[in-house]
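First up is the structure itself, then whatever we jot down about it.
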Amino acid sequence: LKWDQVIAEWSRRWGDRVGLARVFAILAAYFRIRVKPRAATRAPAHLLIELGDGFRWLFGLMPARRLILLVAAISFFSAPWQPLMPIVAAERFGGDSRTFGYLIGAVGGGALCGTLYLAFRSSIRGLGKVIAGASLAAGIGLTLFAVAPRLWMALAILPVLGFGVIVAAASTNTILQTIADEDKRARIISIYIMIFLGMSPIGNFLAGSLAEWIGARWTLASYGLLLTLSAALFIRGYAVWRRGMRPVYVHHGVIPEAEG
């Protein structure tokens, strides 16, 4: 048997079972969490008022605002790689579903490496530089993938895209959860999720329209360049972002007051 036949047979027999076991493992972990009940510090206001407070905090604090705008750009410009990938696999590399699987797997491998990298970090200190570098890597990776002339080149480049997107998005989420006021944390994360998940369908829709005009390859290249530009703008203002973040880190005990 060839390896692809082995994988296909294993997936058919055990894929669903492994997925189900993973779900039960996650549920078991949730059920083991114990949270001490606390009295509410104030009476809850109307939903729209609470949501408005969350938006005002998020976009009123300069470091948080720049992070969430960068996440919006990452979601918008990186998302079309997946819906356009079958076209690239077939038309660009003359492949089939197997080629498509290799390309998707390459992105997933990079994302897995990014997850492991973040898992071994012990502090959020330095995550600003990580976000800047990861978002830039994602933009460059998407651009180079779009113009890669060979399949093996694309497979070597795509892990950079997966690594960059997952590291930048997850690091931003981590920082926002850390610096958000306790009474606003749930709202801030809800807004983060709304923006991260909500921008990708818009990006996909526009990318599909653009691909009919200039083709999938150049659509991905254009999106990659725009993502690179977004990351470059964040990097350009990184010194200002860092100065604005220092007092926030001091307030939340991330860094000692002497360093603030």
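When side chains are defined from C-beta on, Asp53 does not count as touching Asp183, because their heavy atoms never get closer than 4.5 Å. Using a 4.5 Å heavy-atom threshold, the side chains of Pro80 and Thr219 count as separate. By the 4.5 Å heavy-atom criterion applied to side chains, Tyr249 and Ile175 are counted as neighbours. Using a 4.5 Å heavy-atom threshold, the side chains of Leu69 and Phe234 count as separate. Annotation: side chain of Phe145 is in contact with side chain of Val88 (closest heavy-atom distance under 4.5 Å). Residues Leu161 and Trp81 are in side-chain contact: their nearest non-hydrogen atoms beyond the backbone lie under 4.5 Å apart. Residues Thr143 and Thr228 form a side-chain contact, since some pair of their non-hydrogen atoms from C-beta on lies under 4.5 Å apart.
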Q: I would like to know whether Leu225 and Leu229 meet side chain to side chain contact (heavy atoms under 4.5 Å, CB included); could you show each step before the answer?
A: CA-CA 6 Å; Leu225 288 173; Leu229 177 61; over 6 Å; no
Q: Take Tyr238 and Lys129 through the test side chain to side chain contact (heavy atoms under 4.5 Å, CB included) and record every step on the way to the result.
A: CA-CA 8 Å; Tyr238 178 76; Lys129 291 182 179 180; 3.1 Å; yes
Q. Is there a side chain to side chain contact (heavy atoms under 4.5 Å, CB included) between Trp241 and Leu67 once you walk through the steps?
A. CA-CA 9 Å; Trp241 180 89; Leu67 286 177; 3.8 Å; yes
Q: List the steps and the verdict of side chain to side chain contact (heavy atoms under 4.5 Å, CB included) for Tyr117 and Val130.
A: CA-CA 11 Å; Tyr117 165 74; Val130 171; 3.5 Å; yes
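The two residues Ser200 and Ser75 come nearest to each other via the heavy atoms N-OG, 3.2 Å. Gln82 and Ile104 make their closest contact through CG-CD1, 4.4 Å (heavy atoms, listed as atom of the first residue, atom of the second, distance). Nearest heavy-atom pair across Val167 and Ala134 is CG1-CB, 3.7 Å. Considering all non-hydrogen atoms of both residues, Ser171 and Leu127 come closest at OG-CD2, 3.6 Å. Across every non-hydrogen atom of Ala132 and Ile235, the tightest pair is CB-CG1, 3.6 Å. Nearest heavy atom pair, residue Ile179 against residue Trp57, reads O-CZ2, 3.5 Å.
Heavy-atom contacts from other residues, nucleotides or ligands closer than 6.0 Å to CZ of Phe205 number 12 or fewer. No more than 12 heavy atoms of other residues, nucleotides or ligands lie within 6.0 Å of CZ in Arg236, so this atom counts as exposed by the packing criterion.
Hydrophobic clustering (ILVMFWY, side-chain heavy atoms < 4.5 Å, transitive): Leu197 and Leu58 are in one cluster. By the rule that hydrophobic residues join a cluster once side-chain heavy atoms approach within less than 4.5 Å of another member, Leu206 and Trp213 end up as members of one cluster. There is a path of hydrophobic side-chain contacts, each under 4.5 Å, that joins Leu51 to Met194. Ile140 and Trp218 end up in the same hydrophobic cluster when Ile, Leu, Val, Met, Phe, Trp and Tyr side chains are linked at under 4.5 Å. In the hydrophobic clustering of ILVMFWY residues, with side-chain heavy atoms under 4.5 Å counting as a link, Val160 and Val147 come out apart.
Atom OG of Ser222 sits about 6.0 Å away from atom CG of Leu210, to the nearest 0.5 Å. From Leu61, atom CG reaches atom CG of Leu176 across 9.5 Å, with rounding to the nearest 0.5 Å. Here Ile191 contributes atom CD1 and Lys184 contributes atom NZ; the two are 11.0 Å apart, rounded to the nearest 0.5 Å. Within the model, atoms CD1 of Ile157 and CG of Leu103 stand 11.0 Å from one another, a figure rounded to the nearest 0.5 Å. Taken to the nearest 0.5 Å, the CG atom of Leu144 stands 12.5 Å off from the CG atom of Leu220. The CZ atom of Arg150 sits 9.5 Å away from atom CZ of Phe93, with the distance rounded to the nearest 0.5 Å.
Side chain of Arg185 to backbone of Gln177: a donor-acceptor contact under 3.5 angstrom is found. Using modelled atom types, one side-chain atom of Arg92 and one backbone atom of Ala148 make a donor-acceptor pair closer than 3.5 Å.
By the 30° and 60° cut-offs, the orientation of the rings of Phe76 relative to Tyr223 is parallel.
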